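Computed from a predicted structure; not experimentally measured.
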Amino acid sequence: MLGYKNVERVKPSGLELVDRLVGVQRVTKVTKGGRAFGFSAIVVVGDGKGVVGHGLGKSKDVSSAIAKAVEDAKKNLVRIPLLKGTLPHEQKGKFGGAKVFIKPASNGTGVIAGGAVRAVLESVGVHDVLSKSQGSSNPHNVVKATFDALLQLRSAETIARQRGISLEKVFNG
């Protein structure tokens, strides 16, 4: 997440974060004594007002894997620019073999997204969005591809500041 220019990291203190479980996998380690089973969990946390983070937790039992994932997610919180319950502009994201396309939608459309993308967008606080996920359906890669797209979003104020022009000039050319 550090490779992006406008990423605003957020501290978890004072935020009412809600966690959403994206997926739990049973993993196996083969040893000379047999198979050792464990669990891997991926979780997305957000406040529904533009702050979101994702985390991975691994443990011998499901509940502690989820707890570890939530703690990891709270350490990776970022602020995403929102515009009237949707996104400021359309964006593509990619991670590994997963590709995600997110597009702003008019009021009342709802979150048109599947699985892992829906969990991330609802945790951010987006109410109206269209999305398409292509390639890998691995939840880990889809979550990271969605974050890739979200972290590339820029608000009109940010664009005006970067270009050194007024906000009116951004819209009027």
Side-chain angles (χ1 to χ4, degrees), residues 1-31 33-82 85-87 91-102 110-153:
M1 282 196 254
L2 297 173
Y4 302 95
K5 289 181 179 167
N6 301 312
V7 175
E8 181 189 341
R9 290 215 170 252
V10 181
K11 299 269 189 248
S13 57
L15 294 174
E16 285 191 34
L17 297 171
V18 178
D19 54 276
R20 294 181 64 114
L21 180 65
V22 176
V24 177
Q25 286 82 32
R26 189 177 87 162
V27 293
T28 310
K29 179 182 177 184
V30 179
T31 62
R35 295 185 184 100
F37 296 105
F39 294 92
S40 168
I42 186 161
V43 170
V44 175
V45 299
D47 70 346
K49 297 175 190 141
V51 175
V52 69
H54 66 90
L56 175 66
K58 299 175 182 180
S59 180
K60 294 286 180 197
D61 62 296
V62 177
S63 58
S64 60
I66 294 170
K68 286 180 182 182
V70 169
E71 288 305 309
D72 187 38
K74 287 180 182 176
K75 294 175 186 173
N76 297 313
L77 293 176
V78 290
R79 186 170 306 279
I80 305 298
L82 298 177
T86 188
L87 307 171
Q91 190 64 55
K92 291 180 181 176
K94 185 176 187 297
F95 187 89
K99 294 181 190 132
V100 171
F101 175 70
I102 51 178
V111 179
I112 311 296
V117 180
R118 174 179 287 270
V120 175
L121 293 174
E122 286 179 349
S123 295
V124 173
V126 177
H127 301 294
D128 303 300
V129 68
L130 302 169
S131 76
K132 178 69 180 164
S133 177
Q134 295 176 316
S136 171
S137 60
N138 176 348
H140 296 270
N141 287 348
V142 173
V143 166
K144 289 174 184 172
T146 307
F147 266 83
D148 180 46
L150 290 174
L151 291 171
Q152 292 178 55
L153 292 173

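With rounding to the nearest 0.5 Å, the separation of CG in N76 from NE2 in H54 is 6.0 Å. In this structure, the separation between NZ on K60 and CZ on F39 is 10.0 Å, given to the nearest 0.5 Å. Considering NZ of K144 and CD1 of I42, their distance stands at 6.0 Å, rounded to 0.5 Å. Put simply, NZ on K29 and CZ on F37 are 13.5 Å apart, with the number rounded to the nearest 0.5 Å. The line from CZ of R79 to CG of L153 is 14.5 Å long, rounded to the nearest 0.5 Å.
In this structure, I102 and L150 have side chains that are in contact, with non-hydrogen atoms separated by less than 4.5 Å. Counting heavy atoms from C-beta on, the side chains of L151 and I80 come closer than 4.5 Å. Taking 4.5 Å as the limit, every side-chain heavy atom of T146 sits out of range of all side-chain heavy atoms of V143.
Residues forming a side-chain hydrogen bond (donor to acceptor under 3.5 Å, both in side chains) with S63 (at least two apart in sequence, or on another chain): D61.
Taking both residues in full, the closest heavy atoms of D148 and G93 are given as OD2-CA, 3.3 Å, listed atom of the first, atom of the second, then distance. Here the closest heavy-atom approach between residue Q25 and residue P139 is recorded as NE2-CG, 4.1 Å. The minimum heavy-atom distance between L82 and K49, with the atom names listed, is CD1-C, 4.2 Å. Here the closest non-hydrogen pair linking A69 and G57 is CB-N, 3.5 Å. Across all non-hydrogen atoms, the minimal contact from S59 to K68 is CB-NZ, 4.2 Å.
Between the E71 side chain and the A67 main chain, no donor and acceptor come within less than 3.5 Å of each other. Between the side chain of D128 and the backbone N or O of G110, at least one donor-acceptor pair lies under 3.5 Å. Looking only at distances, a side-chain donor or acceptor of D72 sits under 3.5 Å from a matching main-chain atom of L56.
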Under 3.5 Å, sequence neighbours excluded: what are the donor-acceptor pairs made by side chains of residues 130-137?
{"from": "S131", "atom 1": "OG", "to": "I112", "atom 2": "O", "distance (Å)": "3.0"}
{"from": "S136", "atom 1": "OG", "to": "N138", "atom 2": "N", "distance (Å)": "3.1"}

What donor-acceptor contacts under 3.5 angstrom involve side-chain atoms of residues 116-125, with partners at least two apart or in another chain?
{"from": "R118", "atom 1": "NE", "to": "A113", "atom 2": "O", "distance (Å)": "3.0"}
{"from": "R118", "atom 1": "NH1", "to": "E122", "atom 2": "OE2", "distance (Å)": "3.0"}
{"from": "R118", "atom 1": "NH2", "to": "V111", "atom 2": "O", "distance (Å)": "2.7"}
{"from": "R118", "atom 1": "NH2", "to": "A113", "atom 2": "O", "distance (Å)": "3.4"}
{"from": "E122", "atom 1": "OE1", "to": "R20", "atom 2": "NH1", "distance (Å)": "2.7"}
{"from": "E122", "atom 1": "OE1", "to": "R20", "atom 2": "NH2", "distance (Å)": "3.1"}
{"from": "S123", "atom 1": "OG", "to": "A119", "atom 2": "O", "distance (Å)": "2.8"}

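For the side-chain contact (heavy atoms from CB on, under 4.5 Å) criterion with V45, the lone passing option out of L77, V52, V18 is L77.
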